[in-house]
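Everything below concerns the one structure shown next.
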Amino acid sequence: MSDSSFNVSPTLRSFILKSSDFKKGKLIGQGNSGKVYLAIHIPTGKICSFKELFMEQLSGKNMIFFSREIEILVKCDNMFVLPFYGWTLEYPYSIITEYIPNGSLFHSLQHRPTSPNLTSTNKTLIAIGIANGMMSLHSVGIIHRDLKPLNILLDEKLLPKICDFGLSKIFEE
């Protein structure tokens with residue numbers, strides 16, 4: 001897919017990044033749609049997560065899901081929603097976000113060896129943060145549709161970051 005075949009709004013266009021500006025490191029996750037790498041943004045030295053999609057061409061439903069996820073991430077501005085840095089318009093199609101160091105809530109609740117142990121206070125703050133993040137999403141017409149512990153990341157303070165908006169919907173008035 002070329003740049004001209006993808007109708008991109010000026011707002012979304014301002015978030016376009018180049019894959020060549022990133023140095024990918026170790027694989028930190030994998031899902032149905034792609035792999036997530038720890039990466040460094042070479043011009044700034046900033047550490048980030050680099051989600052590289054499996055698809056080689058964007059068309060039909062794949063283009064709809066990809067553009068919808070980007071649009072949702074651009075619209076989200078809440079401390080409990082994963083911060084969005086940008087996306088790539090050419091293969092490999094990628095979504096770049098802030099790197100969240102403590103993995104998923106799911107792994108912490110399962111007491112995985114490398115995951116933080118959560119106190120009752122941590123769990124309460126996580127629940128409040130998720131509720132606040134979801135309220136923020138709903139206030140701008142976004143329905144997540146896949147909220148689960150695997151889609152909640154824990155930052156360095158063990159606060160939640162809602163992620164994975166691949167199945168989300170935007171509802172207009």
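The chain is numbered in sequence order, starting from 1.
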Of all residues at least two apart in sequence or in a different chain, which pass the side-chain hydrogen bond (donor to acceptor under 3.5 Å, both in side chains) check with S104? H107
Treating Ile, Leu, Val, Met, Phe, Trp and Tyr as nodes and any side-chain heavy-atom pair under 4.5 angstrom as an edge, say whether L159 and L150 lie in one connected cluster. no
For residues 110-162, the ring-ring contact (aromatic ring centres under 6.0 Å, His included) pairs (sequence neighbours left out) are H144-F165
Would you sort out whether L118 and L154 count as a side-chain contact (heavy atoms from CB on, under 4.5 Å), showing the intermediate values? CA-CA 10 Å; L118 300 175; L154 299 176; 4.2 Å; yes
Going by heavy atoms in the side chains, are M134 and I162 under 4.5 Å from each other? yes
Over all atoms of both residues, closest heavy-atom pair of T11 and S14: O-OG, 2.6 Å
Which residues share a side-chain hydrogen bond (donor to acceptor under 3.5 Å, both in side chains) with E98, sequence neighbours left out: none
Look at the aromatic rings of F84 and F15 and report parallel, tilted or perpendicular, splitting at 30° and 60°. tilted
Taking S108 for the side chain and L105 for the main chain, is one N or O donor matched with an acceptor at less than 3.5 Å? no
Determine which pairs satisfy side-chain hydrogen bond (donor to acceptor under 3.5 Å, both in side chains) with at least one residue from residues 145-163, sequence neighbours left out, and list them in order. D146-N151
Please tell me whether I142 and L147 are part of a single hydrophobic cluster in this structure, the criterion being side-chain heavy atoms less than 4.5 Å apart. yes
In Å and rounded to the nearest 0.5 Å, what is the SG to CZ distance from C163 to F80? 15.0 Å
Does S115 reach the main-chain N or O of P113 with its side chain, forming a donor-acceptor pair under 3.5 Å? no
Could you pull out the closest heavy-atom pair between P160 and I126, with the gap in Å? CG-O, 3.5 Å
Evaluate the side-chain proximity of L27 to L38: yes if any heavy-atom separation is below 4.5 Å, no if none is. no
Using every non-hydrogen atom in the two residues, find where S136 and N78 come nearest and quote the distance to one decimal. CB-ND2, 3.3 Å
Before giving the answer on side-chain contact (heavy atoms from CB on, under 4.5 Å), spell out for I28 and Y37 the whole-Å C-alpha distance, their side-chain angles and the decisive distance to 0.1 Å. CA-CA 5 Å; I28 57 174; Y37 297 91; 5.7 Å; no
Considering only distance and modelled atom types, tabulate donor-acceptor pairs under 3.5 Å from the side chains of residues 42-53, sequence neighbours left out.
| unit_1 | atom_1 | unit_2 | atom_2 | d |
| --- | --- | --- | --- | --- |
| T44 | OG1 | H41 | ND1 | 2.8 |
| T44 | OG1 | K46 | N | 3.2 |
| K51 | NZ | E69 | OE2 | 3.4 |
| E52 | OE1 | K24 | NZ | 3.4 |
| E52 | OE2 | K24 | NZ | 2.6 |

Test log, rule side-chain contact (heavy atoms from CB on, under 4.5 Å), inputs T97 and I95: CA-CA 7 Å; T97 61; I95 296 173; 4.2 Å; yes
Is Y91 reachable from L89 through a run of hydrophobic residues whose side-chain heavy atoms are each under 4.5 Å from the next? yes
M79 reachable from L125 in the ILVMFWY side-chain graph, under 4.5 Å edges: yes
Closest contact, heavy atoms only, M55 versus Y93: O-CD1, 3.8 Å
W87 side chain to L12 main-chain N or O, any donor-acceptor pair under 3.5 Å? yes
What are the two closest non-hydrogen atoms of N117 and L158, and how far apart are they? O-CD1, 4.4 Å
Among residues at least two apart in sequence or on other chains, which ones pass side-chain hydrogen bond (donor to acceptor under 3.5 Å, both in side chains) with N122? T119
Atom pair OH/OH of Y85 and Y99 - distance to nearest 0.5 Å: 12.5 Å
What distance separates I152 CD1 from I100 CD1, expressed to the nearest 0.5 Å? 11.5 Å
NZ (K18) and CD1 (I16) are apart, to the nearest 0.5 Å, by 11.0 Å
Is it the case that one hydrophobic cluster holds both I130 and L109, taking links as side-chain heavy atoms less than 4.5 Å apart, direct or via other members? yes
